[in-house]
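Every chain is numbered from 1, with letters handed out A, B, ... down the list of sequences.
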Amino acid sequence: MNTVPEKPVLEGLEATWSARWAELGTYTFDRTKTRDQIYSIDTPPPTVSGSLHVGHVFSYTHTDLIARYQRMRGKEVFYPMGWDDNGLPTERRVQNFYGVRCDPSLPYDADFIPPEKPDAKRQIPISRRNFVELCNELVEEDEKVFEQLWRTLGLSVDWSQQYTTIGNASQVVSQRAFLRNVARGEAYQQDAPTLWDVTYQTAVAQAELEAREYPGAYHRVAFHGGDSPVIIETTRPELIAACVALIAHPDDERYQSLFGTTVTSPLYGVEVPVVAHTLADPEKGSGIVMSCTFGDLTDVQWWRELQLPNRTIIGRDGRVLRETPEWITADGVGRYEEIAGKTTFSAREAVVAALRETGDLDGEPTPTQRMANFYERGDKPLEIVSTRQWYITNGGRDADLRSKLVARGDEIDWVPAYMQSRLTNWIEGLNGDWLVSRQRFFGIPFPVWYRLDADGEPDYDDPILADEASLPVDPSSEVPPGFTESQRGEPGGFLADPDVLDTWATSSLTPQIICGWERDPDLFERTFPMDLRPQGHDIIRTWLFSSIVRAHLEHGVAPWTHAALSGFVVDPDRKKMSKSKGNVVVPDEILDKYGADAVRWRAAGARPGADSPFDEAQMKVGRRLAMKVLNASKFVLASEEAYGLGAGASDLDPSRVTEAIDLAMLSRLRLVVDEATARFEEYDYATALEVAEKFFWDFCDDYLELVKERSRRDDAAGQSARSAFVLALSVQLRLLAPFLPYVTEEVWSWWQEGSIHRSTWPVNDVDLATDRHDPALLSSAASVLADIRGAKSTAKVSQKTEISNLTISATKARLDLVRLAIGDVLAAGRVVAEPTYVADETVDGFAVEATPALVD
RNA sequence: GGGCGAAUAGCUCAGUUGGUUAGAGCAUCCGGUUUACACCCGGAAGGUCGGGGGUUCGAGUCCCUCUUCGCCCA
């Protein structure tokens, strides 16, 4: 018995059905299934400290479309959700939210309560443990809000499979993978020049760099030696004290005589060699440059290749070192003291003033815009300082590993295919290994201690590694085997590694975290390597690449078989949405306004990889489709007393479809099923939707109108129509179910058992096992009906006006075809006269003359 | 400077291996209270396929070149 509401509405479907799905465990993963029956998805954990915008809604919907399709195809879908709460974004949010900052030197205060009215400008210093506690508290709140949004959107996630990137399981996996890397020699420490953010006081990896325009000025500065001064141009005169050489191109004729000689730096009187290197650009400035410790990455390269000395003057706080370096000559000490302790900016002013005094500044500085490296979250240019850091091999220093990683990328099916070149280009452009240590607080600590010698100096060459069985470990509160807490920091004792792992060093292991690597070998075997990694194309170089690195090093495989890249949702001016631009569209509002199905419909229209402008007007179209599904279904399924057709599950009998046009309609639907299935198989959800949707509108506008009258008849022809209706409805609801999970589930519940989302994807020979008929019959009948409607429209009369005269001209073949359904055509067009048929082989399609009866 | 992508109706986009007169939705305009739906229905109008050159009987589609835009990397 059907239970069709009198007036079906979209409002409330999200609340009703998301609760039902949770209650019934509709999307709960059945782990008894074997690997070949399972489809596993490595869902991106969104950054919970940020806010979700409509771009997230689109890309997560894309994944859900695939998940729902695979589920209906009979796959058991493993679809967990994670939250990325690990790292700097959370630290910043906690600082602002509670008005605190972390000071690791402070002791833990168990009674600490954050201020009621936080003052971001006067942050209260708290211990690391207090700080981490606040981080944990806040992310928990954020995660609830995110989960609610995803549930409303209708993501078919198994909510019992949640993880966080700072959670226990992630800590264990991250530390274990790191220890394994160390054991295999893939992770190592090195004291080396490192890109350093002076604001956050942490090292930064290549993948986190962002090149930005930065205002500066060229200063022409004289070095002394030989006959005449040598003029160099530099944007960083404050580094003259750190100068180690002057460098020009080996072919530059101007400097041939200088190569092999030395010159003396202005102000500080330091003698430096003049050497040749091809990276010096003769076109730039005077062609000869000063190389310092370290002004930029080229300086690092020269330092390595030319064995130049290390003359660091910039400290980790971004200020000039207070102690005068030993290489500064006696005459230069006073000049050095003028800049000691100053920021690079103030030091530069002081140096320029000094150069003016000594006459070593040639002319006035020329303003310029130069490209400088920034940490993507920072706002000061990065400095390069020498520090001890942990690295993981990633092919940046190893051509063999590099080509193996490129080959892993080749093993993955990319959607869209051209995105693969972004990975390949990135790998081929790497210039160093992956720096994984960060000098931050909220993160996963290195499971490492160092022995202290008799003088209390750490021995970095022989680290004490935690035992895998003891993970997760916090070395700052736990002691290494064989030591006691009292030996911490004491000579002969030990010291914890103070750093935390780069967040990507953990995020790169999401497949291992969710599939239960070394925690649940049975689950791991059933889900890994995974089937799908969906993600944004902006993080190919970080998340996607680093995941491949880890899976390659640990398991010798690619972590997934498919990678699907979503584009961005951009504002109407095609600008990327971002908080700072103030063009972010908040998802709750549009979900509330148009409904989840409508928003999902719009998301499904954004093809993989393609950016999509946000246009609220488009949401209305999706809503209209959802509404149409309700109404058309109601018409077919409602009782005759409720002006419906009274059709139902008992009419689902292909053998009862006998009328030619009914068979033609179902034959065309077979093609739609084939097309939608083929497209979904290649992850082209957008075209799958397009073909199903197009059929549905034609079904409503043409077929339904043509057959309306006959389908109320109580004879075989009427039964044929009713059976065709329910067969077509059942198939169409299932074709639309991945896109419109709410409205299709609602309609399904009126007349079917169980959830449509656990029903099977349509199969022609099961669901549409009727006799075949040429689908052209339906389009021919629709074409004639359209002409009749057009005649009424041109005559500006109501569509219910009768037609008193109808002439149809077409080729004989077409006439024969349309006559098979002429009864339906005449009824739908309210034609009261016998039609006249004119066989004409020159007519293209149908030529119809229809005369509306005069209305008085 | 290098790589990738895009440019088709006012807007958002389809357009298979080259093949009649380039399609859809939205917006616009004109009509219609039709017993599934006014959150609706019917109809119409709207394009030099970014510019130029080439291959071909035939180019939105293939090749070259230029322009503009986006992303990534130097």
**Q** Mind checking A:Lys628 for me? I need base, sugar-phosphate or nothing, with any heavy atom below 4.0 Å counting as a touch.
**A** base
**Q** Please give the distance between the C1' atoms of B:rC29 and B:rU34 as a whole number of Å.
**A** 23 Å
**Q** Got A:Phe695 and A:Leu671 here, is their nearest side-chain heavy-atom distance under 4.5 Å?
**A** no
**Q** Working to the nearest 0.5 Å, report the span between NE2 of A:His53 and CZ of A:Phe58.
**A** 11.5 Å
**Q** Would you say the side-chain atoms of A:Asp299 and A:Ser291 include a donor-acceptor pair closer than 3.5 Å?
**A** yes
**Q** Reckon A:Lys792 touches a base, only the sugar-phosphate, or nothing at all at heavy-atom distances under 4.0 Å?
**A** nothing
**Q** How would you list, by chain and number, every residue that makes a side chain to side chain donor-acceptor pair (under 3.5 Å) with A:Trp601, sequence neighbours excluded?
**A** A:Glu693
**Q** Have a look at A:Leu704 and say if it touches a base, only the backbone sugar-phosphate, or nothing, with a 4.0 Å heavy-atom cut-off.
**A** base
**Q** Need to verify one output field. Residue with the more 5' nearest nucleotide on RNA chain B, A:Asn425 or A:Phe635?
**A** A:Asn425
**Q** Between which nucleotides of RNA chain B, read 5' to 3', does contact with chain A run, using atoms under 4.0 Å from its heavy atoms?
**A** B:rG3 to B:rA74
**Q** Touch check for A:Trp697, heavy atoms < 4.0 angstrom, all strands: base, sugar-phosphate only, or nothing?
**A** sugar-phosphate
**Q** Walk me through it: do A:Phe699 and A:Phe635 pass the test ring pair (Phe, Tyr, Trp, His ring centres under 6.0 Å)?
**A** CA-CA 13 Å; A:Phe699 174 81; A:Phe635 175 66; 9.9 Å; no
**Q** Would you find more than 12 non-hydrogen atoms of other residues, nucleotides or ligands less than 6.0 Å from A:Glu11 atom CD?
**A** yes
**Q** Using the C1' atom as the point on both nucleotides, what is the distance between B:rG70 and B:rA27, in whole Å?
**A** 26 Å
**Q** Using the closest heavy atom to pick a nucleotide of RNA chain B for each, name whichever of A:Leu785 or A:Asn373 lands nearer the 5' end.
**A** A:Leu785
**Q** Give one of base, sugar-phosphate or nothing for A:Ala786, where a contact means two heavy atoms less than 4.0 Å apart.
**A** sugar-phosphate
**Q** Are there over 12 heavy-atom neighbours, none belonging to A:Gln420, within less than 6.0 Å of that residue's CD?
**A** yes
**Q** Name the nucleic acid region contacted by A:Arg830, choosing base, sugar-phosphate or nothing; use a 4.0 angstrom heavy-atom cut-off, strictly under.
**A** nothing
**Q** Is it the case that A:Ser723 and A:Gln719 place a side-chain donor and acceptor less than 3.5 Å from each other?
**A** yes
**Q** So A:Glu690, base contact, sugar-phosphate only, or nothing? Heavy-atom distance under 4.0 Å.
**A** sugar-phosphate
**Q** Regarding A:Asp701, tell me which of base, sugar-phosphate or nothing describes its non-hydrogen contacts under 4.0 Å with the strands shown.
**A** sugar-phosphate
**Q** Which whole number of Å gives the distance between the P atom of B:rA9 and that of B:rG23?
**A** 14 Å
**Q** Using the C1' atoms only, state how far B:rG47 lies from B:rU8, rounded to an integer number of Å.
**A** 8 Å
**Q** Is the distance between the ring centroids of A:Tyr683 and A:His62 under 6.0 Å?
**A** no
**Q** What integer number of Å spans the C1' atoms of B:rG52 and B:rG46?
**A** 27 Å
**Q** With rounding to whole Å, what would you report as the distance between B:rC41 and B:rU33 at their P atoms?
**A** 16 Å
**Q** Less than 4.0 angstrom from a charged side-chain N to a carboxylate O is my criterion; do A:Arg670 and A:Asp674 meet it?
**A** no
**Q** Reading RNA chain B 5' to 3', how would its secondary structure be written in dot-bracket notation, given Watson-Crick and G-U pairs with both distances under 3.5 Å, brackets [ ] for crossing pairs and | for partners on other strands?
**A** (((((((..((((.....[...)))).(((((.......))))).....(((((..]....)))))))))))).
**Q** When all nucleic acid strands are considered with a 4.0 Å heavy-atom cut-off, which category describes A:Arg789: base, sugar-phosphate, or nothing?
**A** sugar-phosphate
**Q** Please report the distance separating the P of B:rG3 from the corresponding atom of B:rG50, rounded so that it comes out in whole Å.
**A** 23 Å
**Q** Distance between the C1' atoms of B:rU20 and B:rU67, in whole angstroms?
**A** 33 Å
